[in-house]
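To start, the structure itself, in structure tokens.
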Amino acid sequence: MGTILPRAFFDGPTAEIARGLLGAWIVSDLVPGARRALMITETEAYDGPRDRASHAHRGITLRNRPMFGPPGAFYIYFVYGMHWMVNVVTGPEHYPAAVLLRAGIPEERAAGRDIMPATIKGPALLARHLGITGRMNGLPAEKKNGLWFESRAALPGYEHSKIAASRRVGVEYAGPLWSARKYNFTLLPPRRPGA
DNA sequence: TAAGTGATCTCT
DNA sequence: GAGATCACTTAA
């Protein structure tokens, strides 16, 4: 059990929150019969109206509206006719920004193994693993909504993990300046597997 | 490397 | 209303 991250956690600079979420957990009661949790290992920041990689760059629309709303809510959208993407909204209300959740380690595979735990890698796979669909769009991350964030003790081997910052994935359309921005954050795995 | 898939957005 | 695009995944 961990401490639930309050809404205030998300009311700050987006890149900072994207880093802060690494090693934190997202917990879901959305899959019938089993609580699922992932330790977050990869995030991306989409920060403000000038970020040309962000859906909010061209102003508010029906789809991106949650990005303009209060921090700590989910922004979830559908792409390529089959995939759900999960973001959590950051920054002050009316400032469009969010953090995309791209990868995590499932707790059931992480516990008590001496092998390297398998990572759920890719935003659509992460969403599917946690049973997340568009019905969570715009809702705050709270336990009563079945999807929330927790701070917990680090997984074995991850106690002193470093963070790598690199370019965001799949945003070439944003042009050289914004696609080169190092807004992708990855929690580096331990040198040796397990603990 | 390319197909699959359909909502969304931008232009007519 | 039409056409292009897409913060991806999987099979080859």
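We name chains A, B, ... by the order of the sequence lines, and we start the count at 1 in each one. These numbers come from the heavy atoms of this one structure, side chains and all, not from hydrogens, waters or symmetry mates.
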With a 4.0 Å cut-off on heavy atoms, is A/Arg128 in touch with a base, just the backbone sugar-phosphate, or nothing at all? sugar-phosphate
Side-chain ion pair, A/Glu172 and A/Arg167, N-O less than 4.0 Å: yes
Taking A/Arg168 first and then A/Asp51, would you say they form a salt bridge - that is, a charged N and a carboxylate O separated by under 4.0 Å? yes
When the distance from CZ of A/Arg52 to C1' of C/dC6 is rounded to whole Å, what number comes out? 17 Å
Which nucleotide sits closest to the side chain of A/Arg58: C/dC8, C/dA7, B/dT10? B/dT10
Check the distance between C/dT10's P and A/Lys121's NZ and give it to me in whole angstrom. 13 Å
Checking salt bridge (Lys or Arg N to Asp or Glu O under 4.0 Å) for the pair A/Arg7/A/Glu142: CA distance, chi angles, key distance, verdict? CA-CA 9 Å; A/Arg7 170 181 154 155; A/Glu142 289 170 6; over 6 Å; no
Would one find a side-chain N or O of A/Tyr173 under 4.0 angstrom from OP1 or OP2 of C/dA7? yes
Rounded distance (Å) that lies between atom P of C/dT5 and atom NE2 of A/His57: 17 Å
Between NE2 of A/His129 and P of C/dT9 the distance, given in whole Å, is 14 Å
Whom does B/dG6 pair with, Watson-Crick or G-U wobble, provided both distances fall under 3.5 Å? C/dC6
To the nearest angstrom, how far is A/Asn87 atom CG from C/dC8 atom C1'? 14 Å
Assign A/Arg63 to base, sugar-phosphate, or nothing according to its heavy-atom contacts below 4.0 angstrom with the strands shown. sugar-phosphate
Report the distance from atom CG of A/Leu126 to atom P of C/dT9, rounded to the nearest whole Å. 10 Å
Nearest whole angstrom, please: distance from the P of C/dA7 to the CD of A/Glu42. 16 Å
Among A/Arg152, A/Arg35, A/Arg36, which residue meets the side-chain hydrogen bond (donor to acceptor under 3.5 Å, both in side chains) test with A/Glu107? A/Arg152
Between C1' of C/dC6 and CD of A/Glu172, the distance in whole Å: 14 Å
Base, sugar-phosphate, or nothing: which does A/Ala53 touch, judged by heavy atoms less than 4.0 Å apart? base
Nucleotide nearest A/Phe78 (side chain, heavy atoms from C-beta), chosen from B/dG6, C/dC8, B/dG4: B/dG6
Using modelled atom types only, decide if a donor and an acceptor are shared between the side chain of A/Glu159 and the backbone of A/Gly157 within a distance under 3.5 Å. yes
Need one value for A/Met85: base, sugar-phosphate or nothing, where a base atom within 4.0 Å counts as base even if backbone is also close, heavy atoms only. sugar-phosphate
Does a side-chain N or O of A/His83 approach OP1 or OP2 of B/dT5 to a distance below 4.0 Å, or not? no
